[in-house]
Each structure stands twice: as structure tokens, then as C-alpha cells.
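First comes the structure, then the notes that go with it.
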Amino acid sequence: MTVPQSLVSRTTKLLNLRSTKTTGASTVTTNPWNAHLREMANQRQFVHALTLYRQMLRSGDSPDVFTFPFVLKSCAALSLPISGAQLHCHVIKTGCKHEPFVQSSLISMYARCSSVQYARKVFDENGESSNRTDCYNALISGYTFNSRFHDGFALFRKMREAGVSVNSVTMLGLVPLCTLPEHWCLGLCLHGCCVKFGLDTQSSVANCLLTMYVKCGAIDYALELFNAMSNKDLITWNAMISGYAQNGLATQVLDLYHKMKLSDVHPDPVTFVGVLSSCTYLGAQKFGTEVDRRIQSSGFSSNPFLCNALINMYARCGNLEKARSIFDHLREKSVVSWTAIIGGYGMHGHGEIAVQLFDEMVRTGIRPDKAAFVSVLSACSHAGLTDKGLDYFAAMEMNYGLQPEPMHYSCVVDLLGRAGRLMEAKELIESMQVKPDGPVWGALLGACKIHKNVQLAELAFEQVMELDPTNIGYYVLLSNIYCEAENLEGVLKVRAMMRKRKLKKDPGYSYVEYEGRVHLFLAGDRTHPQTEEIYRMMDDLENLVKELGGFYKNDRERRNEELMSGMGVHSEKLAIAFGLLNTRPGTEIVVIKNLRICENCHQFIKLVSKIVDRQFVVRDATRFHHFKNGTCSCKDYW
DNA sequence: ATAGGGTTAG
């Protein structure tokens with residue numbers, strides 16, 4: 001085959017290749033450079049490997065069968081198509097093009113750094129000799145790399161029909177093609193294939209299957225596989241930890257991290273990223289600080305992934321000083337770092353700072369992306385910077401060519417809604433290019449609660465029901481709107497709707513982080529080991545609060561809340577009592593809530609803080625996973 | 001000796 005001319009003819013010469021002496025095909029030479037090249041490639045020092053290759057040519061030595069795989073791999077890793085094509089010329093000149101390892105390296109190189117079509121060409125022109133497992137494997141993983149689902153499976157079928165034997169590397173190439181939820185049944189079949197071929201004992205294939213399940217959201221299957229694996233290596237642990245983390249199962253992550261520490265496997269930066277993101281999700285700053293110490297002592301402190309994860313963790317947990325200090329010391333601030341710190345200031349009510357930082361980011365030449373706009377838009381809506389937010393929203397598409405997604409719309413609807421500009425918000429939704437999702441109409445519904453607009457609320461609710469009929473939060477919201485409007489009929493209507501759809505309100509829960517553990521309380525919970533003491537403490541507090549004049553703002557509201565949830569004592573009160581029992585006087589007690597704190601508890605906490613002279617901070621955990629869907633199942637976590 | 005592969009942040 002000829003090397004694609006379009007690539008070679010480009011003037012850029014990344015490798016300054018001289019013509020080389022042609023040696024006999026596949027002559028086994030003891031090229032002294034090869035050992036060094038292998039070393040470089042194995043250590044992922046790809047630039048060095050290519051430099052070394054250049055030096056080798058300059059010194060007059062010729063590349064051979066053992067040289068090409070390393071340098072081709074380096075080109076693939078660095079995505080250098082022109083150098084890759086030049087190497088292809090060298091392969092032909094040195095007569096190595098029929099060498100098995102060189103063929104599969106070439107296929108892989110083309111698939112990874114120029115075009116999978118060229119990879120296919122090499123494969124086809126190899127003729128009979130490509131009827132080998134290696135070449136099939138290389139091309140299949142090439143299709144996977146380029147997300148070519150149908151081509152990948154078609155080739156696999158061809159491979160089976162041609163009677164070419166399948167090995168574990170075939171599966172490593174094929175399984176990651178099934179990472180979309182709609183393809184996961186096929187992944188399950190592949191799992192069956194692995195068992196049939198006796199490949200499941202290899203931990204790399206199992207890791208690959210594990211990752212596939214995780215990405216499809218089939219956490220149960222992933223866990224089953226994980227538990228069945230007797231030789232869990234670092235990647236096994238990491239796959240499961242990040243799998244939980246990506247599916248919003250934060251407490252399971254912390255549990256698993258704990259178990260990993262007890263095993264012999266040492267965590268690496270990938271592990272810490274998953275653990276930190278779960279601390280962020282839970283608002284578990286103390287746990288996160290522990291992890292931070294471990295990161296420092298493991299020598300990973302300059303890893304950019306970890307720095308960003310740390311900034312995010314501290315910022316979301318409210319420790320803005322610490323987050324800022326890491327951010328300021330960062331050598332290279334990426335758009336991710338900026339987004340994390342902007343989001344942190346935004347969610348803790350420092351909208352002005354968030355906006356300043358966003359502008360500063362743009363001044364330093366960093367191009368904001370969609371996530372950066374989410375953080376600045378939500379900062380604007382929390383701080384009431386309505387016009388500023390609208391400017392950013394306009395700039396997003398006009399100046400940066402970024403098509404807003406439902407997330408951005410829900411921020412802007414919230415922005416307009418909080419400012420009382422309800423009709424504009426409604427019109428914005430109706431003008432959307434993309435289909436609005438539940439949170440977009442939900443934001444309007446929330447705004448209707450603030451501004452007591454029953455009519456618009458009914459309209460927004462109708463829309464939300466089309467999109468997300470099982471989300472209890474919206475029913476509660478509408479019910480409260482009716483309740484405030486003293487529309488008893490409406491309240492009953494919502495309740496009947498919920499009964500008909502067999503929906504029950506998720507229990508409100510609160511948690512307090514204590515001694516590196518998350519202590520979770522559901523409304524009316526009596527499962528905590530200290531339940532007796534907690535309830536005693538709470539009764540005392542309630543009596544004191546009554547003496548100070550604390551009561552429900554309005555009796556109807558209390559009844560409504562109780563009917564909606566069927567609950568007893570509110571979870572935040574339990575959490576407060578637990579905190580008072582276990583923490584030292586003078587320390588702050590941080591309570592995290594999954595649902596908005598109710599008016600009664602708000603007052604309760606205010607009065608308790610006067611009585612006991614302690615500082616309470618109640619933070620809204622819904623902010624932590626505002627844009628994630630998964631529910632937090634912390635229940636089993638002690 | 002040599003390919004092919006699995007885990008990371010907002």
C-alpha cells in the first residue's frame with residue numbers, strides 16, 4: 001500500500017528523517033538502540049523515544065523489526081500522524097512490512113492518530129497474512145478508539161467466520177464498545193463469551209468488563225463481578241471506586257476506599273480523584289482533608305487532576321480560603337481549575353467574586369467552555385446578578401459559539417425567576433432550540449413558589465409532569481404553593497395524584513460528619529446507636545425552644561409537611577442533637593440537608609444556637625448534586 | 001526483546 005500522500009507531502013517534518021540504508025528483510029540485528037527505546041516507551045516517555053529514534057538514524061544505524069513497534073506506539077500515543085506516515089515509509093524501505101508485530105503496530109498507529117480508514121487499508125492490503133488474531137485485535141480496538149460501534153462488531157463477526165481465534169486482547173478491544181446503556185446487553189453477551197473462551201480469569205479482561213458495566217450504569221453487575229474477583233489489582237479498585245463515584249454512590253466510595261486501605265493495594269492519583277469527588281458530593285470536608293494529607297505524603301501533590309479535585313472539594317465544602325490557596329499556587333490553571341473555584345464562590349453567595357474570577361480567566365486567555373458557563377450562570381442567579389448573568393448567557397453563543405444546553409437554560413430561568421421576571425422566563429423556555437428537561441420547567445416552578453404565582457405554577461407543573469413524572473420534589477413544591485395560597489382543593493389534588501401514581505416522598509435526611517464518618521439521619525429515624533440519648537437531648541431542646549417562643553409559622557404548613565412525608569421528627573433536629581452530644585463546645589456543627597430546610601427547623605436551630613452558644617451551619621446537599629440524577633443511598637452507612 | 005488492553009477532575 002502507498003502511504004497517504006496528503007500526510008507525507010505536508011511540509012512539517014516532525015522527525016528529521018534521512019534516508020536509511022536498506023538491510024535485508026527481517027534480519028535479526030542486535031540494534032543497540034532497541035533496549036533503550038523499549039524502556040522509554042514502557043515508561044510512557046514517548047517524546048524521548050522519538051528523539052532517540054532520530055538520534056539512531058543520525059548515527060547511521062537502521063531501524064529493524066524490534067524498533068518499529070516502539071516508535072509507532074509513541075506516534076500513536078502522541079497523535080503524530082505525519083511522523084507515523086513517515087515511519088510507514090521506513091517500514092516499507094527496510095522491508096519490514098510483512099512482519100507480524102509491525103503490521104499490527106501500523107494498524108494501531110493509523111487508527112489512533114490519523115484515520116481508521118488508513119488502518120483498514122493496511123489491514124486489507126496485508127491480505128492473507130492479516131488473517132491473524134493480532135491484526136484483527138489491532139483493528140477492532142482501532143474501531144473502538146473511534147467509537148465505531150457497527151464496524152467493530154462487523155469485524156468481530158468476520159473474524160469469527162474466518163475461524164480466527166479470539167483471545168483476551170480481542171475482548172479488551174471489543175468490550176469498551178458497549179459502554180452506552182443501549183448496548184449493555186451486548187456487553188453482557190461478551191461477558192458470556194469470555195467465560196466460554198475461558199478468558200475471565202485474566203484480571204485485565206475482568207477489569208474491562210467491570211468498567212463496561214459501570215459506564216452502562218449497571219452497578220449491580222459491576223459489584224457482583226468485583227466481589228467475584230479474587231485478584232483485585234489497582235485498576236480493579238479504581239474502576240469500582242470511580243464507578244460508584246460517577247453514579248453518585250458517594251458513601252459506597254468511602255467504604256470501598258476504606259476496604260482498599262486494608263488490602264495491600266496502594267491508592268494512586270486515580271483512586272484519590274474518585275474519593276475526593278465523593279467527599280465533595282457529601283460535603284465531607286474532614287474526610288477530604290484526611291485524603292489531602294495522604295495525597296501530600298504519597299508525593300502526588302503536584303498532580304493537576306488532584307489539585308483540581310482538591311480545589312473543588314474545599315470550595316464546595318465551604319472552605320474557600322483553602323481552595324483559593326491551592327488555586328493560587330497552581331502552576332498551570334486550566335479551565336477546570338477556574339470552573340471549580342468560580343463554582344465554589346458562586347454557591348456560597350460570593351457572586352461578585354465569582355464573576356470577577358470569570359472575567360479574569362477570560363483575560364488570561366482561557367476560553368470558557370460549557371461547564372464554566374454553568375458555574376458562572378449559577379453564581380449569578382444565587383447572588384441575584386440578573387443582568388450580568390443574562391450578558392454571559394448571550395455571550396456564550398455569540399462570542400464563543402457554544403450552544404446552550406438545558407442546564408444553562410435552567411440557570412437562566414432560575415435567574416429570571418428569582419428576579420420576578422416570570423413571563424420572560426416562560427418565554428425563554430418556549431424559545432429554546434433544544435428540548436427543555438425537567439429541571440428547566442422545575443426552575444420556573446420554583447420561581448412561582450417564591451413569587452406566589454399559582455397559575456403559572458400549574459402550567460409549569462403540567463410540563464414537568466410530561467418530562468419527569470416520578471420526581472417527588474415537584475409535587476411537594478406545587479403542594480406547598482397551593483398551601484400558601486390557602487387552596488386546600490389544590491393540595492388534595494396533588495396528594496391524590498401522588499397516591500394514584502404510587503409515589504411517596506423521599507425521606508428528608510441530614511448528616512453530620514464526625515470522626516471521619518458520615519452519620520446519617522432520616523426523618524423519625526431510630527436506627528442510630530445513640531438514639532436514646534439523641535431523643536432525650538432533643539426533647540430537652542424542644543422544651544427550651546418552646547419557652548423561647550419557637551413554633552410553627554403556621555399550623556397548616558406543618559400539617560401539610562407531615563402529610564406529605566408521613567414523618568416524625570425532622571432529620572435536621574436529630575442531626576443537631578447528635579452534633580451537640582458528640583462534639584466539643586466551641587466547635588462549629590455542620591449539618592448537611594438533602595432537601596430544603598423547613599421553616600420550623602430553621603427557627604429551631606436559630607433558637608438552639610442562642611441557648612447553647614454554639615455555631616451551626618446548615619448546608620444544602622442538593623447543591624452538591626444539583627445536576628446529577630442519582631439518589632444518595634447513604635442508609636446503610638455507619 | 002517486539003503488538004493488542006483496562007482506571008482519573010469542573
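Per chain, numbering begins at 1; letters A, B, ... match sequence-line order. In this text the structure is predicted, and so the values were computed from the model without any measurement.
Using a 4.0 Å cut-off, no side-chain N or O of A/R38 falls inside it from OP1 or OP2 of B/dA3. Note on A/Q103: every side-chain N or O is 4.0 Å or more away from OP1 and OP2 of B/dG4. For A/S204, no side-chain nitrogen or oxygen approaches OP1 or OP2 of B/dG5 to under 4.0 Å. The side chain of A/Q246 places no N or O atom within less than 4.0 Å of a non-bridging phosphate oxygen (OP1 or OP2) of B/dT7. Side-chain N/O atoms of A/S141 include one lying less than 4.0 angstrom from OP1 or OP2 on B/dG5. For A/K73 and B/dT2, the shortest distance from a side-chain N or O to OP1 or OP2 is not below 4.0 Å. For A/S104 and B/dG4, the shortest distance from a side-chain N or O to OP1 or OP2 is not below 4.0 Å.
Residue contacts shown for A/F272 are absent, as no nucleic acid heavy atom lies under 4.0 Å away. Note on A/A340: nothing from the nucleic acid sits closer than 4.0 angstrom, heavy atoms only. Contacts of A/N42 with the nucleic acid, taken as non-hydrogen atoms under 4.0 Å apart, are absent. A/V102 comes within contact range of no nucleotide atom at all, as no heavy-atom separation falls under 4.0 Å. Counting any heavy atom pair closer than 4.0 Å across all strands shown, A/K215 reaches sugar-phosphate atoms only and no base atom. Heavy atoms of A/D134 sit under 4.0 angstrom from at least one base atom.
The side chain of A/T211 approaches B/dG6 more closely than any other nucleotide in the set B/dA3, B/dG6, B/dT8. Listed nucleotides B/dG4, B/dT2, B/dG10 differ in distance to A/V336; the shortest reach to its side chain belongs to B/dG10. Comparing B/dT7, B/dA3, B/dG10 against the side chain of A/N312 picks out B/dG10 as the nearest.
For the pair A/F68 CZ and B/dT2 P, the interatomic distance rounds to 17 Å; values are reported in whole Å. The CE-P distance, from A/M212 to B/dG5, rounds to 18 Å in whole Å. Whole-Å rounding puts the A/L177 CG to B/dG6 C1' distance at 14 Å. Taking atom CD on A/E332 and atom C1' on B/dG10, their separation rounds to 17 Å, with Å as the unit. Distance, A/L209 CG to B/dG5 C1': 12 Å, rounded to whole Å. With rounding to whole Å, A/M171 atom CE is found 15 Å from B/dG5 atom P. In this entry the distance linking OH of A/Y345 with C1' of B/dG10 reads 16 Å, nearest Å. If you measure from atom CG of A/D268 to atom C1' of B/dT7, you get 8 Å, rounded to the nearest angstrom.
You'll find the ring centres of A/F393 and A/H408 outside the 6.0 Å limit. Ring pair A/Y136/A/F123: centre-to-centre distance below 6.0 Å.
Remark: the A/D64 side chain and the A/N34 side chain contain an N/O donor-acceptor pair separated by less than 3.5 Å.
With salt bridges taken as basic N to acidic carboxylate O contacts below 4.0 Å, one links A/D328 and A/R324. Between A/R120 and A/D124 there is a salt bridge, with a side-chain nitrogen of the basic residue lying less than 4.0 Å from a carboxylate oxygen of the acidic one. A salt bridge does not link A/K158 to A/E161: none of the charged nitrogens lies less than 4.0 Å from a carboxylate oxygen.
Between the side chain of A/N167 and the base of B/dG5, no donor-acceptor pair under 3.5 Å is found. Contact of A/D369 with B/dG10 (side chain to base): a donor-acceptor pair of N or O atoms is detected under 3.5 Å.
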inquiry  = Would A/F358 and A/F373 count as a ring pair (Phe, Tyr, Trp, His ring centres under 6.0 Å) here? Give the steps.
reply    = CA-CA 9 Å; A/F358 188 86; A/F373 274 106; 5.4 Å; yes

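Between the side-chain ring of A/F101 and the base of B/dT2, no stacking contact exists by the 5.5 Å and 30° definition.
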